[in-house]
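Input: a single structure, listed below in structure tokens.
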Amino acid sequence: MTDTTIDPNDLDVPGELTVRETSLELPRIHATEGSDGLGVGRLLRSTGMVTLDPGFTNTASCTSDITYIDGAAGVLRYRGYPIAELAKSSTFLEVAYLLINGELPDARTFERFERRIGRHRLLHEDFRSFFTSFPSSGHPMAILQAGIAGLATYYEDTLNPHDPYERELATVLLLSKMPTMVSYIARRAIGLPLLYPDPKRGYVDDFLHMTFGMPYQSYEIDPAVVRALDMLLILHADHEQNCSTSTVRLVGSADANMYASVAAGIGALSGPLHGGANEAVLRMLDAIQTEGMTTAEFVRRVKNKEGGVRLMGFGHRVYKNYDPRAALVKEAAHNVLSRLGSAEGDRKLEIAMELEEVALSDEYFVSRSLYPNVDFYTGLIYQAMGFPTKMFTPLFALGRLPGWIAQYREMIADPAKRIGRPRQVYTGPIERHYIAMHRRERAQGRLLSRAVAVVAEDNARGAAQEQGGVVARERRAERRDDVVNARLPRSNRVHVALDDDGIARAGNRTVRTIHAKEKLSLVKDRRLRRIEIFRLGIAERTSAEADNAPALIRDGDDDTSAKAIVDPVPTLTPHGKPRIDEDVLRDAALLERIGEL
């Protein structure tokens with residue numbers, strides 16, 4: 001299989017893939033910036049093959065106009081606008097409008113958009129009762145996911161994704177109600193009364209008021225804190241086709257409503273590999289501070305990989321250079337902690353800055369492209385604001401909401417939209433036929449006999465090669481234990497000690513023994529010598545060992561000394577054969593050996 005080389009500067013040259021004698025032209029899909037794509041839609045039909053790309057690291061699932069990332073250059077743009085410009089000059093609601101509609105709004109349009117969202121912040125009283133019925137100790141992301149999906153039951157006139165009016169109203173309802181839901185989750189977790197939204201306050205200001213305010217006193221928030229949280233939400237608003245965004249698109253491709261699709265995205269974000277990075281950073285800083293380690297000592301342990309110590313908040317799947325959001329968050333961390341920080345928080349910030357300085361200058365980290373990412377400082381800011389650690393991921397979801405909505409709407413409006421249906425490369429069993437239950441035991445018995453024969457052959461070869469030495473006996477015993485013991489039900493396995501009189505003991509108890517020679521019959525074959533065992537769990541022996549080898553009948557305790565296989569008296573089938581446990585069939589390595597015979 002070969003693939004022709006394409007000149008990236010020649011926009012008219014398609015790709016070409018050759019499989020055996022078949023040559024397939026791959027149409028080139030041009031990007032305005034970044035990597036072009038090669039269409040493989042005809043690959044299966046033309047060659048009978050599919051592409052395999054675990055994790056979709058080289059696969060584009062769609063074309064999109066929303067977000068552009070150049071990981072090598074450290075570039076992130078929303079609808080063409082650099083992230084640094086938007087974070088410093090815009091607001092979260094304005095960026096949300098930009099992502100969803102494609103252009104920045106004029107003053108009148110934005111005022112109408114903002115007023116409409118403010119009007120819908122209140123939760124329906126019945127929905128509020130439903131939403132607050134979850135255990136207050138439940139995981140915030142699980143409650144949020146259920147709440148977002150539950151909105152569909154209260155707003156049934158907003159479920160048609162192909163109706164522009166319903167799609168627009170669903171967009172407004174999600175943007176307006178999620179901050180209220182997140183604030184209620186946070187307050188219920190600590191037993192505080194729930195506050196109603198205040199339409200006179202701004203989007204982020206009101207969210208902080210509902211989260212931290214009290215009903216019997218006024219709550220004025222430092223504008224610098226409001227601005228810092230507003231900026232953090234902007235930085236998380238979208239990030240191309242990440243795990244949760246791809247989930248929203250995949251669910252939405254079935255024409256699922258916007259609430260169900262966004263709820264699926266929240267479920268994906270709840271995974272620690274996606275949404276839990278800032279929590280991990282905070283735990284790392286807490287450990288360094290609690291154990292009294294110096295930054296140099298921690299870095300040394302990271303580089304030596306001691307005790308599973310890892311440097312969290314560094315490196316990124318996409319960015320191979322400095323994350324463009326990290327510098328903005330670092331600046332915000334300084335501002336917020338200088339106003340709200342405690343001595344403990346200030347020390348964590350110092351540790352974080354020291355780690356960053358080391359990482360940017362140490363060749364170990366530079367050569368591995370381990371630079372601080374956006375999560376490195378965000379946990380410190382959230383903690384200084386008063387958010388508990390388990391609320392960090394819901395804050396991430398609140399920021400990512402405009403991106404999910406924008407990606408969903410773009411996908412619904414795409415003429416090339418098709419329901420998501422990835423292919424697979426099947427590696428399971430080939431065709432086999434159903435066996436009636438009363439016949440399976442007989443078939444499994446034959447399989448066990450062949451399986452034990454394979455092990456016996458291995459033992460015979462080992463004995464011939466090492467002339468019955470101590471090393472040979474130890475190795476054979478280990479192999480018998482590993483293979484046969486693995487086939488017994490877990491409750492029937494035991495390690496026992498054999499004393500000089502041939503009596504087996506488990507702990508302080510004596511175990512009755514029998515001799516294996518009465519249970520063995522030799523079967524000669526042209527290719528190898530097989531030993532068939534007609535009682536489940538009787539360890540195989542070569543003919544030279546059979547006279548003195550005890551097989552134990554006992555179900556007992558473990559001991560770490562000499563090992564033997566224990567077998568309770570088996571239940572017999574109507575044909576007089578022992579019943580074979582299904583665990584026999586589950587060892588792929590043994591089945592592979594049997595196939596070689």
Side-chain heavy-atom pair I66, R79 within 4.5 angstrom cut-off = yes
* To do: Evaluate the criterion side-chain contact (heavy atoms from CB on, under 4.5 Å) for residue pair H334 and M353; output intermediate values, then yes/no.
  => CA-CA 10 Å; H334 279 285; M353 294 176 61; 3.3 Å; yes
Would E279 and T393 count as a side-chain hydrogen bond (donor to acceptor under 3.5 Å, both in side chains) if you check the C-alpha gap in whole Å, the side-chain angles of each, and the deciding distance to 0.1 Å?
CA-CA 8 Å; E279 296 181 42; T393 313; 3.0 Å; yes
Are the side chains of D206 and M210 in contact, using a 4.5 Å heavy-atom criterion?
yes
Item to complete: Report yes or no: is the cationic atom of R188 (NZ for Lys, CZ for Arg) closer than 6.0 Å to the six-membered ring centre of Y184, at no more than 45° off its axis?
Response: no
Worksheet item: Would you say the side-chain atoms of N242 and S244 include a donor-acceptor pair closer than 3.5 Å?
Response: yes
(message) Is there a side-chain contact between K177 and L151 in this structure, where contact means two heavy atoms from C-beta onward sitting under 4.5 Å apart?
(response) yes
| said: Run the side-chain hydrogen bond (donor to acceptor under 3.5 Å, both in side chains) test on E85 and S89 for me, step by step, so that the C-alpha distance in whole Å, both residues' side-chain angles and the decisive distance to 0.1 Å come before the verdict. | reply: CA-CA 6 Å; E85 294 181 16; S89 305; over 6 Å; no
Here the pair of heavy atoms bringing R227 nearest to S90 is NH1-O, 3.1 Å
- Message: I'd like to know if the side chain of T211 pairs up with that of R187 as donor and acceptor (distance under 3.5 Å, no hydrogens or angles considered).
- Response: no
Does the side chain of S253 come within less than 4.5 Å of R418's, by heavy atoms? no
Practice item. For the residue pair E16 and S23, confirm or rule out a side-chain donor-acceptor distance under 3.5 Å. Key: yes
| query | Are I288 and L355 close enough that some pair of their side-chain heavy atoms sits under 4.5 Å apart? | reply | yes
Discussion item. Centre-to-centre under 6.0 Å for F92 and Y97, is that the case here?
Written reply: no
- Message: What I'd like to find out is whether the side chain of W404 reaches to under 4.5 Å of the side chain of M258, using heavy atoms alone.
- Response: no
Can you confirm whether L395 sits close enough to F387 that some side-chain heavy atom of one is under 4.5 Å from a side-chain heavy atom of the other? yes
Keeping the roles fixed (side chain from R368, backbone from Y364), state whether a donor-acceptor pair exists under 3.5 Å.
yes
I'd like to know whether CZ of R300 has more than 12 heavy-atom contacts from other residues, nucleotides or ligands below 6.0 angstrom. yes
query = Is there side-chain contact between N278 and F376, with at least one heavy-atom pair below 4.5 Å?
reply = no
Discussion item. Between Y371 and F314 (judged by ring centroids, cut-off 6.0 Å), do the two rings come close enough to count as a pair?
Written reply: no
Which word best sums up how the rings of F113 and F110 line up, parallel for under 30°, tilted for 30 to 60°, or perpendicular for over 60°?
-> tilted
